[in-house]
Amino acid sequence: MIRVLIADDQGMVRTGFTVFLSGQPDIEVVGEAADGREAVERAAELCPDVVLMDVRMPVLNGLEATRELMARRQTAKVLILTTFDLDDYVYEALRAGASGFLLKDASAAQLAEAVRVVAAGEALIAPAITKRLITEFARLGPPRPVTGRRLDELTERETEVLSLVAQALSNQEIAEKLFVAEQTVKTHVGRVLMKLGLRDRAQAIVFAYETGLVRPGE
């Protein structure tokens, strides 16, 4: 079962999400939070696999709450919920440790699938969002050093896989590009994350651009 915590300051939204997700055979809603501070506290108490985190909440907003969760080394994946255009949030949310984004007007089926994708360690970042993210990296200028994580710890194939992950390619797309089995790609991705101490593909994308492995426009 995928354990989910729902953090949103609107009671009707929390109720709607809870009712639908609780009806899924593989998802259990273990708690709710009405603000960012409560989300952090409830996550520590309940140890969910996924936190559905609204961006705009009182006390702590979604980005601040995500940063605090990551600072506490919480293992929960954070799926950012928003009704707003994502341009202002994509880069900072990924830097904060979010694993994906979902608009609140997404269908119920999309919500359930998003929870499953993020729980599995995948990055839920649509191609259009990835393009905006790349634009933001370009605006920020030269790569910055990332302490404690070294590209030279990766094999040549792992480095190649990381660069393709950073271009938002799926495992299947990477497998086709490299003429290998999809399971082989999954193994490589897992090793990359382990060697670099990264939680999921979303962090891998940020790491690849910040270290200059992949540059905007490539």
Side-chain angles (χ1 to χ4, degrees), residues 1-10 13-14 16-18 20-21 24 26-106 110-126 129-130 132-133 136 165-166 168 189 193 196-207 209-210:
M1 295 289 286
I2 301 170
R3 295 166 54 81
V4 176
L5 171 67
I6 299 172
D8 194 294
D9 62 340
Q10 298 181 43
V13 171
R14 296 197 307 274
F17 286 167
T18 296
F20 175 73
L21 291 177
Q24 301 299 304
D26 57 340
I27 297 174
E28 177 188 8
V29 177
V30 296
E32 299 179 10
D35 60 60
R37 172 57 59 201
E38 187 179 6
V40 173
E41 294 171 352
R42 295 286 279 162
E45 172 191 346
L46 299 169
C47 299
D49 300 305
V50 176
V51 178
L52 294 181
M53 186 82 77
D54 187 24
V55 168
R56 297 200 172 179
M57 291 188 292
V59 187
L60 283 181
N61 65 38
L63 301 186
E64 293 168 337
T66 299
R67 288 192 190 96
E68 189 158 332
L69 280 175
M70 297 306 116
R72 294 187 179 196
R73 300 191 179 278
Q74 289 286 329
T75 58
K77 309 292 197 315
V78 176
L79 178 58
I80 295 288
L81 296 167
T82 182
T83 56
F84 304 92
D85 184 88
L86 298 174
D87 283 349
D88 294 338
Y89 305 121
V90 172
Y91 179 74
E92 285 305 322
L94 287 176
R95 288 294 310 281
S99 296
F101 303 86
L102 189 69
L103 290 173
K104 285 186 178 178
D105 61 2
Q110 287 173 326
L111 171 63
E113 184 58 25
V115 168
R116 295 184 182 105
V117 166
V118 169
E122 301 289 334
L124 190 73
I125 308 175
I129 296 176
T130 302
R132 296 206 292 269
L133 178 62
E136 180 66 10
V165 167
V189 171
L193 298 180
L196 297 178
L198 303 172
R199 190 178 55 261
D200 53 30
R201 292 169 84 101
Q203 278 201 333
I205 291 172
V206 173
F207 176 86
Y209 279 99
E210 289 199 332

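The residues of the chain are indexed from 1 along the displayed sequence.
Among residues two or more places apart in sequence or in another chain, the salt bridge (Lys or Arg N to Asp or Glu O under 4.0 Å) test is passed with E28 by none. E45 is linked by a side chain to side chain contact (heavy atoms under 4.5 Å, CB included) to R42, counting only residues two or more places apart in sequence or in another chain. With sequence neighbours excluded, the residues satisfying side chain to side chain contact (heavy atoms under 4.5 Å, CB included) with V13 are D8, Q10, F17. For E38, there are no salt bridge (Lys or Arg N to Asp or Glu O under 4.0 Å) partners at least two apart in sequence or on another chain. The side chain to side chain contact (heavy atoms under 4.5 Å, CB included) search around A44 returns R72, Q74, not counting sequence neighbours. When the salt bridge (Lys or Arg N to Asp or Glu O under 4.0 Å) test is applied to R3, no partner is found at least two apart in sequence or on another chain.
Across all non-hydrogen atoms, the minimal contact from F101 to L79 is N-CD1, 3.7 Å. Residues L196 and F207 share a closest heavy-atom pair of CD1-CE2, 3.5 Å. Considering every non-hydrogen atom in both L69 and V40, the closest pair reads CD2-CA, 4.0 Å. Residues A204 and V165 approach most closely at CB-CG1, 4.3 Å, considering heavy atoms. The nearest pair of heavy atoms linking V50 to V115 is CG2-O, 3.9 Å. The two residues G97 and T66 come nearest to each other via the heavy atoms C-CG2, 4.0 Å.
Atom CE of M53 and atom CG of L102 lie 14.5 Å apart (nearest 0.5 Å). Rounding to the nearest 0.5 angstrom, the gap separating the CD1 atom in I27 from the CE atom in M1 is 8.0 Å. Here the CD-OG distance, from Q203 to S99, works out to 7.5 Å after rounding to the nearest 0.5 Å. Atom CD1 of residue I2 and atom CG of residue L21 lie 9.5 Å apart, to the nearest 0.5 angstrom. Note: R56 CZ to L81 CG = 14.0 Å, rounded to the nearest 0.5 Å. Between atom CG of residue D49 and atom OG1 of residue T75 there is a gap of 7.0 Å, rounded to the nearest 0.5 Å.
R37 has a carboxylate O that lies under 4.0 Å from a charged side-chain N of E68, or vice versa, which qualifies the two as a salt bridge.
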Practice prompt. Would you please test V78 and M70 for side chain to side chain contact (heavy atoms under 4.5 Å, CB included) and show each step?
Written response: CA-CA 10 Å; V78 176; M70 297 306 116; 3.9 Å; yes
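Using a 4.5 Å heavy-atom threshold, the side chains of D9 and D35 count as separate.
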